[in-house]
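Keep in mind that the numbers below use all heavy atoms, side chains included, and drop hydrogens, waters and symmetry copies.
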Amino acid sequence: MQIEEKKTIIRLQRIVKRFYIGKPNELEILHGIDLEVKEGEFLSIVGSSGSGKTTMMNIIGILDRPTEGGYLLDGMDVANAKDRELSLIRNQKIGFVFQTYNLISRTSALKNVELPMLYAGISRKERNRRAQELLNMVGMEERISHNPDELSGGQKQRVAIARAMANNPAIILADEPTGALDSKTGRRIMDLFHRLNQEKGKTIILITHSQELAEETGRIVTLRDGEIVEERRGNGC
């Protein structure tokens, strides 16, 4: 039986990123990055501080534009798309999970999860239904009305993951998602990512400095000084 080849959902071609362009202190952070990510892959990008991980994540997540090079996201040329198009793509195709949670204070867990759906124009009734469903999925059904300052770090991160899933994105970008958590809580968060990948088929890109966490993913991409210096399989599926 022939196994169907999974399609490429992310293709970076010779991506260069410079800051302070044309100035004496011009700085090149990424030096011609080539990367392909298949649909449903669980991939980690590792590297020490200053390696270019965050800059690369910002470009993949369409939070920043490359200075040079091409970027195809699910077949769409996003390197040359207009800002309005990029906002729409970002809202619908990519979910973000950050080390610092980025939840809105004095706003309940439910309302935090609803927010991306509000921007997507989803009805109030459907927003509420789906937000409750997602909070149940991450084990936060009993904290649905709590504000972020009433939650532990792990609980905040689970709310953030539910929010990242709000518009059912194809891709989840997780930037050091366990960095502010103790090891036991971090384990629960990683287990949740594995579930999303295996049961929901989400493409997950984990940005981390932890080699131990990276080994859990299917492929490990190592960045050093703005270049990919190694790609290898991890222990994940």
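- Atom CE of Met56 is separated from atom CG of Leu30 by 7.5 Å, given to the nearest 0.5 angstrom.
- Between Arg130 atom CZ and Ile122 atom CD1 the span is 7.5 Å, to the nearest 0.5 Å.
- Between Arg187 and Asp191 there is a salt bridge, with a side-chain nitrogen of the basic residue lying less than 4.0 Å from a carboxylate oxygen of the acidic one.
- Of the inter-residue distances, the one linking Leu86 atom CG with Asn80 atom CG reads 10.0 Å to the nearest 0.5 angstrom.
- Val37 and Phe42 fall into different hydrophobic clusters, where Ile, Leu, Val, Met, Phe, Trp and Tyr are joined by side-chain heavy atoms under 4.5 Å apart, directly or via other members.
- Side-chain contact between Ile161 and Leu196: present, with at least one pair of heavy atoms (C-beta onward) separated by less than 4.5 Å.
- In this structure, Lys53 does not pair ionically with Asp175, as no charged nitrogen and carboxylate oxygen lie closer than 4.0 Å.
- In this structure the side chain of Glu26 reaches within 4.5 angstrom of the side chain of Ile21, judged on heavy atoms.
- A continuous path of hydrophobic side-chain contacts links Ile94 to Ile33 [ILVMFWY only; heavy atoms under 4.5 Å].
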| task | List the steps and the verdict of salt bridge (charged side-chain N to carboxylate O under 4.0 Å, His left out) for Glu114 and Arg129. | result | CA-CA 9 Å; Glu114 282 187 13; Arg129 183 201 68 77; over 6 Å; no

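- Between the Asn167 side chain and the Pro169 main chain, no donor and acceptor come within less than 3.5 Å of each other.
- Residue Leu110 is grouped with residue Met137 when hydrophobic side chains (ILVMFWY) are merged at heavy-atom distances under 4.5 angstrom, including chains of intermediate members.
- How far CD1 of Ile15 is from CD1 of Ile59: 6.0 Å, rounded to the nearest 0.5 Å.
- With contacts defined as side-chain heavy-atom distances shorter than 4.5 Å, the pair Ile172/Thr203 does not qualify.
- Expressed to the nearest 0.5 Å, how far OH of Tyr20 lies from CG of Leu27 amounts to 7.0 Å.
- For the pair Lys93/Met76, no side-chain contact is recorded, criterion being any heavy-atom separation below 4.5 Å from C-beta on.
- Proximity of a side-chain donor or acceptor of Thr107 to a complementary backbone N or O of Ser105 within less than 3.5 Å is detected.
- Minimum heavy-atom separation, Tyr71 to Ile60: OH-O, 2.7 Å.
- By the 4.5 Å heavy-atom criterion applied to side chains, Thr217 and Leu43 are not counted as neighbours.
- Formation of a donor-acceptor pair under 3.5 Å by the Thr67 side chain with backbone atoms of Arg18 is found in this model.
- Side chain of Asn112 to main chain of Ile104: a donor-acceptor pair is present (N/O by atom type, distance under 3.5 Å, no hydrogens or angles).
- Of the inter-residue distances, the one linking Asp34 atom CG with Arg11 atom CZ reads 10.5 Å to the nearest 0.5 angstrom.
- For the residue pair Asn102 / Lys156, no side-chain donor-acceptor distance below 3.5 Å is found, with atom types taken as modelled.
- The number of heavy-atom neighbours closer than 6.0 Å to CZ of Arg124, taken from other residues, nucleotides and ligands shown, is 12 or below.
- The two residues Ser210 and Val46 make their nearest non-hydrogen contact at O-CG1, 4.5 Å.
- The backbone N or O of Ile62 lies less than 3.5 Å from a partner atom in the side chain of Arg90, making a donor-acceptor pair.
- Remark: Asp225 CG is loosely packed, at most 12 non-hydrogen atoms of other residues, nucleotides or ligands lying under 6.0 Å away.
- Listed by chain and residue number, nothing satisfies the ring pair (Phe, Tyr, Trp, His ring centres under 6.0 Å) test with Tyr101 (two or more places apart in sequence, or in another chain).
- In this structure, His194 contributes its side chain and Gly236 its backbone to no donor-acceptor pair below 3.5 Å.
- A continuous path of ILVMFWY side-chain contacts below 4.5 Å connects Ile45 to Leu173, so both sit in one hydrophobic cluster.
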| task | Show your reasoning for whether side chain to side chain contact (heavy atoms under 4.5 Å, CB included) applies to Asp77 and Leu72. | result | CA-CA 5 Å; Asp77 179 4; Leu72 295 177; 4.0 Å; yes

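- Between Arg65 and Asp83 a salt bridge is recorded (basic side-chain N to carboxylate O distance below 4.0 Å).
- Look at Arg224 and Glu230 and you find no salt bridge, because none of the NZ, NE, NH1 or NH2 atoms lies under 4.0 Å from a carboxylate O.
- Side-chain atoms of Gln157 come within 3.5 Å of backbone atoms of Pro177 as a donor-acceptor pair (strictly under, hydrogens ignored).
- Between the side chains of Gln132 and Asn136, no donor-acceptor pair of N or O atoms lies under 3.5 Å.
- Looking at Phe19 and Asn25, their side chains never come closer than 4.5 Å, going by heavy atoms from C-beta outward.
- For the pair His146/Met140, no side-chain contact is recorded, criterion being any heavy-atom separation below 4.5 Å from C-beta on.
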| message | Between Glu41 and Ile9, does the side chain to side chain contact (heavy atoms under 4.5 Å, CB included) criterion hold? Intermediate values first, please. | response | CA-CA 10 Å; Glu41 196 173 357; Ile9 195 167; over 6 Å; no

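- Without hydrogens or angle criteria, Asn147 side chain to Ser108 main chain gives a donor-acceptor distance under 3.5 Å.
- We find that Arg219 and Glu36 are not joined by a salt bridge, their nearest charged nitrogen and carboxylate oxygen being 4.0 Å or further apart.
- The two residues Pro116 and Val113 make their nearest non-hydrogen contact at CD-O, 3.3 Å.
- Cluster annotation: Ile207 and Leu73 are assigned to the same hydrophobic cluster (Ile/Leu/Val/Met/Phe/Trp/Tyr, side-chain heavy-atom contacts under 4.5 Å, transitive).
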| query | What's the verdict on side chain to side chain contact (heavy atoms under 4.5 Å, CB included) for Glu141 and Leu135, showing C-alpha distance, side-chain angles and the deciding distance? | reply | CA-CA 5 Å; Glu141 59 273 18; Leu135 286 166; 5.7 Å; no

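- Proximity of Leu115 to Arg163: side-chain heavy atoms (C-beta onward) are nowhere separated by under 4.5 Å.
- Taking every heavy atom of both residues into account, Gly154 and Thr185 meet most closely at CA-CG2, 3.2 Å.
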| said: Applying side chain to side chain contact (heavy atoms under 4.5 Å, CB included) to Val97 and Ile189, what does each step give before you reach the verdict? | reply: CA-CA 11 Å; Val97 181; Ile189 296 303; over 6 Å; no

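- For Arg14 (side chain) and Glu68 (main-chain N/O), no donor-acceptor pair under 3.5 Å exists by modelled atom type.
- Under the 3.5 Å distance criterion, the side-chain polar atoms of Glu126 are left unmatched by any main-chain donor or acceptor of Ser123.
- Asn91 approaches Ala120 most closely through the heavy-atom pair OD1-CB, 3.4 Å.
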